[in-house]
Amino acid sequence: MSGDHSHNEDQIDCGSRVNDSHKHKDKYKHKEHKKDKEREKYKHGNSDYKDFSNKKHKDKEKMKHKDGSTDKFKDKHKEKRKDEKIKSLDGKVKKEKENGFASPHVKSEPEDDLYHSPKFEKSLKRERDDDYDSEFKPKKIKTENDKKAKKRKQENEDIKSKKTKSKKGEVADGKKKAKQEPEEKWKWWEEERYTDGVKWKFLEHKGPVFAPPYEPLPSHVKFYYDGKAMKLSPEAEEVATFFAKMLDHEYTTKDIFRKNFFKDWRKEMTSEEKTKITDLKKCNFTEMSEYFKAQSEARKAMTKEEKQKIKEQNERTLQEYGFCIMDNHKERIANFRIEPPGLFRGRGDHPKMGMLKRRIRPEDIIINCSKDSKYPEPPPGRKWKEVRHDNKVTWLVSWTENIQGSIKYIMLNPSSRIKGEKDWQKYETARRLKKCVDRIRAQYREDWKSKEMRIRQRAVALYFIDKLALRAGNEKEEGETADTVGCCSLRVEHIKLYPESEGQEYVVEFDFLGKDSIRYYNRVPVEKRVFKNLQLFMENKEPDDDLFDRLNTSILNKHLQELMDGLTAKVFRTYNASITLQQQLKELTTADENIPAKILSYNRANRAVAILCNHQRAPPKTFEKSMQNLQTKIDAKKDQLSEAKRELKSAKADAKVHRDEKSRKAVESKRKAVQRIEEQLMKLEVQATDREENKQIALGTSKLNYLDPRISVAWCKKWGIPVEKIYNKTQREKFAWAIDMADEDYEF
DNA sequence: TTAAGAACTTAGCATATGCATC
DNA sequence: GATGCATATGCTAAGTTCTTAA
């Protein structure tokens, strides 16, 4: 791949999540990694992007802060310090020369794109994509007259009665039945869509499944404090079991985890327990821990029949609670079980790790359903917090969790209409970006020269988001979550500038923790103007100051919205991921390869995207072993091949002597055997390459969230690859719309 | 206009499942 | 039929963006 989308795969491999409190963020050292030639291919870029050549302008670096913005958007606690800095900076830059350019706010869409003025758009906000998306066909606004409404109601009734009827006979052979009569798949993508924010007209469901109640430990399983057995109250015991279950995990050795746990645990203790248990170090949970391990072993050792019984019970629960009726259709619910209580396990250095995640009761639950539906029943003697009928949202059930105070939801499965439509729309927005990305790139390049600091910052940030597929980077409340950043929240300490490094000019080294505390490490050459701007942004700042002190995600997204309707920072990630896949597939697939080789090419294209998006995973624990196993298989296959070749040779010799039909046939069959073994060997070798390359890269995230599935479907169709080789069952369900609609000519 | 809250998407890890091999 | 392994699925945290309230 050519272009400017350079991305250093070094970040993979040294990129384990930094979640050890003792590993301070700026202490991590990166190893230098061998540059695998294969991976070298994955330097990302769009060919249409490479002409960002640097005009050798003399940069007029230090611009006056003409905007005089209030900076209210940055953390208050930093504001004062920052203001002081800005003042001093302003004083300094005023002496410098101005270039006199004001960056124009051009908003022009390609002519083939329908375009409305922002004002007009606002009034039509909910319908915007209907009006814009070339292939995301709007169909007429769905307005139901009474007749239609009645019909719909009748249909809903029909579905309900069908459901109860089938349920009677289903209990015993539920699964079989589902397999025997695959219901006709509903092609929602061929139907009209709602507008004006209405998400559904009819919604009926059975509510959530609660976590099973706490079962006290048998009396022989003891907790010891300071060496003495101690019987805990059920409340305190339950929380103690949460800790005991995690005893083998590294978490329980961390100070913050232990401190938070102990604090919350004490809240559950009786006053007597509280007086007695004052030191976590004196607590001995090992018996509890052993008990749970034994239980888990016992579960594994259950007979087939017992396992079958549990499976059937789960299936019944799924059938009862796992589906809802939304409009005229039975739809699968994604997460119908309420999260059970336990200890909060944040990712990375989370200040709240170890806190008690409390049990959710019916009284915490808000139910959302149709007025004219049969409401879910709370457990006997209990009440819901509220039953509401809001059809402008997609959730069925919600509650507020106690760790961050955020709301959790029960929503539909990705295969549902409501999720599928949104997903489709997401890719259509990304395709619209494709049409105007050149214009947007030209604009932000122009903005690098702006005399307004805020515009320069915005333009450089956008360049990073586009070039490196960085996330937007919202501000986070300090002390509430792990210290992670995205583009707009980058701090000075997260980048290093090298005017020259390893034979390249203007290199920026990024080193920060992103979402989920996954490390982002990358060294990229940037354009001189970007480099100079970064120097300017970093001037007179402390390491923990914001790099882009005049920018936040809301400012950035507001600007993007002006450039293209529906454009946000996230769209760049989707766009760049999808376009990269499409380009890589074109580049890597060759007609004469067999199917396994083509699939390797697909995976490599997918991998290129995963590297671009920094989707990492911890190397599987069994990785080395499984590679070894595979190598053993390969060696065995090689032996088998040479044996087969020997046999072929002798058969040929035999045939030369005898010159009869029998020996000719023998040669033929030996030849076929050699061929077959060669194919098998190749398949294994391909598998080994694929696995090795995938050691620390997670392909799933990009496949599921960033790659327009129609690109993959088209590729499958073009090369005669069964789509099952690319998407598993769940993925095929999620992407049913794409599988149905994309033909081999589809272009992202 | 801005901050807070709500809604929804994206994320990696843990566990369950099911298939291949002995 | 048991075992071991790879893959699929479930779970829920952590993001982004949209919406509402002050």
Side-chain angles (χ1 to χ4, degrees), chain A residues 16-17 19 70 72-73 76 125-126 197 199 249 296 299-301 303-304 307 310-311 314 318 334-340 342 344-348 350 352-353 357 366 368 390 392-395 398 400-401 403-409 411-414 418-419 422-423 426 471-477 480-482 484-489 513-518 552-558 560-561 566-571 573-574 577 610 613-618 620-623 625-626 629-630 633 687 691 696-698 700-706 727-731 733:
Chain A
S16 58
R17 175 178 298 153
N19 54 5
T70 56
K72 267 184 198 161
F73 45 83
K76 278 175 193 160
K125 206 170 167 220
R126 293 243 165 233
K199 303 286 166 55
H249 204 286
S296 130
R299 254 197 310 276
K300 276 183 210 157
T303 64
K304 234 182 171 179
K307 281 182 183 167
I310 291 172
K311 209 173 154 190
N314 285 340
L318 172 70
N335 55 326
F336 54 89
R337 286 175 206 276
I338 298 283
E339 295 171 19
F344 176 76
R345 310 151 86 120
R347 314 221 170 119
H350 202 295
K352 296 191 172 186
M353 64 168 84
K357 207 172 108 169
I366 302 174
N368 193 30
D390 183 355
K392 300 262 168 103
V393 296
T394 66
W395 55 268
S398 75
T400 304
E401 54 90 34
I403 304 287
Q404 321 270 5
S406 64
I407 306 172
K408 299 259 184 167
Y409 302 93
M411 290 184 189
L412 294 193
N413 187 275
I418 217 160
K419 294 288 181 190
K422 202 75 191 294
D423 208 34
K426 173 181 78 186
R471 294 187 186 83
N474 284 307
E475 287 153 70
K476 298 170 81 186
E477 219 175 312
E480 292 292 302
T481 55
T484 62
V485 296
C487 186
C488 295
S489 51
L513 299 181
K515 184 178 180 181
D516 292 326
S517 293
I518 296 290
N552 62 26
T553 53
S554 125
I555 291 171
L556 179 67
N557 280 337
K558 217 170 265 173
L560 293 176
Q561 190 63 43
L567 185 62
T568 62
K570 192 165 83 87
V571 180
R573 245 167 109 80
T574 312
C613 295
N614 200 36
H615 291 143
Q616 299 187 35
R617 62 168 185 174
K621 281 170 198 143
T622 54
F623 185 81
K625 203 179 169 199
S626 91
N629 289 346
L630 198 52
K633 272 189 192 172
Q687 204 183 344
R691 198 177 292 173
Q696 293 183 281
I697 301 166
T701 308
S702 48
K703 204 176 197 179
L704 234 45
N705 300 300
Y706 289 103
Y727 291 132
N728 66 32
K729 186 169 152 277
T730 317
Q731 293 163 341
E733 279 167 9

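Chain A is the first sequence line, chain B the second, and so forth, proteins listed ahead of strands; every chain is numbered from 1. Small disclaimer: the values here were computed from a predicted structure and weren't measured.
Within 4.0 Å of A/Pro414, counting heavy atoms only, lies no atom of the nucleic acid at all. Nucleic acid contact for A/Asp423: none, since no nucleic acid atom lies under 4.0 Å from a heavy atom of the residue. Residue A/Gly514 is in sugar-phosphate contact alone, with no base atom involved, counting any heavy-atom pair closer than 4.0 Å across all strands shown.
One interatomic measurement links the two molecules: CD1 of A/Ile407 to C1' of C/dA14, which rounds to 16 Å at whole-angstrom precision. Distance, A/Asn474 CG to C/dT17 P: 7 Å, rounded to whole Å. Summarising the geometry, the separation between NZ on A/Lys392 and C1' on C/dT19 is reported as 12 Å, rounded to the nearest angstrom. Atom pair A/Trp395:CH2 and B/dA6:P shows a separation of 10 Å (rounding to whole Å applied). B/dA6 atom P lies 13 Å from atom CE of A/Met411, rounded to whole Å. In this structure, A/Arg347 places its CZ atom 11 Å from P of B/dA11, rounding to the nearest Å. With rounding to whole Å, A/Asn335 atom CG is found 15 Å from B/dA11 atom C1'.
Minimum atom distance to the side chain of A/Asn557 is reached by C/dT17, of the listed B/dT9, C/dT17, C/dA13. When the nucleotides B/dA11, C/dG15, B/dC8 are ranked by their closest atom to the side chain of A/Asn705, B/dA11 comes out on top. Candidate nucleotides B/dG12, C/dA14, C/dC18 were compared by shortest atom distance to the side chain of A/Ile518, and B/dG12 ranks first. With distances taken from any side-chain atom of A/Thr701 to the nucleotides C/dA13, B/dA7, B/dG12, the minimum falls on B/dG12. Relative to the side chain of A/Lys357, the nucleotides B/dG12, C/dT12, C/dC18 differ in distance, and C/dT12 lies closest.
No donor-acceptor contact under 3.5 angstrom links the side chains of A/Ser489 and A/Lys476, judged on distance only.
For A/Lys515 and B/dT10, a side-chain-to-base donor-acceptor distance below 3.5 Å is present, hydrogens and geometry of angles not being considered.
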